[in-house]
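What follows is one structure encoded as structure tokens, with my remarks underneath.
For clarity, every value in this text was computed on a predicted model and none was experimentally measured. The first residue in the sequence is number 1, and the count goes up from there.
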Amino acid sequence: MKKYYITTPLYYVNAAPHIGHAYTTVAADVLARSKRIRGAEVHLLTGTDEHGQKIEEASKAAGKSPKEFCDENSGKFRDLWKRLDVRPDDFIRTTEPRHENRVRELFLKLKERGDAYKGLYRGWYCVPDETFFSETDAPPDEKGRRLCPNKECRKPLQQIEEESWFFKLSKYQEPLLKHYREHPGFLRPAHRAAEILRFVEGGLQDLSISRQKVKWGVPVPGDESHTIYVWFDALINYWSAAAGRDDLWPADVHIVGKEIFRFHAVIWPAMLMAADLPLPKCVFAHGWWTVDGDKMSKSKGNFVDADSVVAEFGVDAFRYFLLREMPFGNDGDYSKGALLRRFNAELVNDLSNLVYRVETMVDKYLEGKLPAKPPLDGELYTKSVAERAPEVYAKMDALDFHGALDAIWEVLRGLNTHIEHTKPFKLAKTDMARCEAVLSDIVSSLRIVGGWLDPFMPHTAAKIQMQLGVRQFPDALTAEDVLTGVSAHPGRIQKGPILFMRKM
Ligand code: ME8
């Protein structure tokens, strides 16, 4: 059976991972977990991009062989994902034979069809972005310099004049436009899709796909003085990782940052068309993080390292903040102040205090015991919570993580208000049966919320569910399970330690 196949970009190993890389990868993991909870078979792929001029130069500067340099740095990504509770099913490195063989295969296929041909490349190249620019893409500035036209980069370009293999990208202008028209969900979000459409409508030029001066790459089959252009090489990973299996390709969603949307929305689908392979179902380009209002850069030295945030706030709060702070397609700003505000207001006040308060009441008034099923038939608050489940999951499926968390927090705030209205703390003195009914209804609601939180904050969700007796049953519970009483363990609530403690 076809698995739901999710990919992240393959990260360059010339720099250590930072919150930008963590963002995409955590988002992919949340999507994967949210699908698995509902019984889907999922395959999550991530990995590292290890060839090309940038890595060649970085390894030289580090006094290491490219292989040694890549082995060391690829491991940093792999290890970070473990610490961030990201559980990929596969981690691919572009220097692995399983990938390099597929790159050769695809190149030969394009050559056979006449879609790869030899010519002369004359133009400009940005090493940090590993991107070619024509004379007109990158006109000289007022000082006569050619700078990378990518606003995020603006580094000086190198002039290149060398023999090169080309991919007939221009041939795919019409087929691409047709595909975009016929598959409105292919490029997301919509506002970024519009940019791509304008770009392709403006005309496509053939793409240089080999370098003569770069030695660290996959040699062009039959023309070994060339290596394959690093982007042509790297994009193929999504397919090479799926090769030889019939349960993965085509990918369901490639999650990428907005700066590499064009590669995934134009070049990659054209390559697949040329190779007669099915296209991915969707490419989603999320926005960019700045830090305290600034772009992260070497010169500013302001890269935020995920480990330092995790050391201070914990992995769940970090994952939560990344996906909560802004809608997934938009840009946003990271600052410790913003994290602290959300931590105290949302994780401590709205969530942790609520869970602790409810557990304390169940402990105090009911000696921790709950009836097998909430005894408020017909007027269950839990029902209104359960009714939100389709909305919450639809938002997760649409990669609207921010929206899903918004909906979950509305429910949490609603529960806080519900406690103020029903006053179980007063009922405990006047009507014990009703107090028990109200509290068990609230506990049921929280059990549902615990399931929703699981993809975002696996530890916190596990704690909630353990404390509320859910984990005596396998895996996460659906809203229906809770309503039909499958979950309702007649035993004791285990009032647990506080989930999040206020920070200064
Ligand atoms: O581009 N905000 O690798 P890369 C949000 N190797 N996300 C960010 C970010 C930020 N400030 N900075 C980085 C490459 N990212 C190629 C990809 S794919 C076949 C090859 C994330 O190491 C975001 O996902 O530069 C972005 O697209 C990716 O890291 C770029 O990682």
Quick one, [X] and [Y] - any side-chain contact, counting heavy atoms below 4.5 Å?
{"X": "F91", "Y": "T48", "result": "yes"}
{"X": "L499", "Y": "L347", "result": "no"}
{"X": "T46", "Y": "Y11", "result": "yes"}
{"X": "R211", "Y": "F132", "result": "yes"}
{"X": "F263", "Y": "T131", "result": "yes"}

Write down the atom of S335, the atom of F321, and the distance for their closest heavy-atom approach.
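S335 and F321 have their closest heavy atoms at O-CZ, 4.5 Å.
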
Just checking, is any N or O donor in the side chain of S134 or D137 under 3.5 Å from an acceptor N or O on the other one?
yes

Does the plane of the ring in F328 sit parallel, tilted or perpendicular to the ring in H286? Use 30° and 60° as the thresholds.
tilted

Run the numbers on E346 and R341 for salt bridge (Lys or Arg N to Asp or Glu O under 4.0 Å), then give the verdict.
CA-CA 8 Å; E346 294 163 13; R341 273 192 297 281; over 6 Å; no

State whether [X] and [Y] are salt-bridged, where the test is any N-O pair (Lys NZ or Arg NE/NH1/NH2 against Asp/Glu carboxylate O) under 4.0 Å.
{"X": "K395", "Y": "D397", "answer": "no"}
{"X": "D29", "Y": "R33", "answer": "yes"}
{"X": "K258", "Y": "D331", "answer": "yes"}
{"X": "K109", "Y": "D115", "answer": "no"}
{"X": "K171", "Y": "D206", "answer": "no"}

For the pair E57 and K60, evaluate salt bridge (Lys or Arg N to Asp or Glu O under 4.0 Å) and give the outcome as yes or no after the intermediate values.
CA-CA 5 Å; E57 288 176 5; K60 206 178 274 168; over 6 Å; no

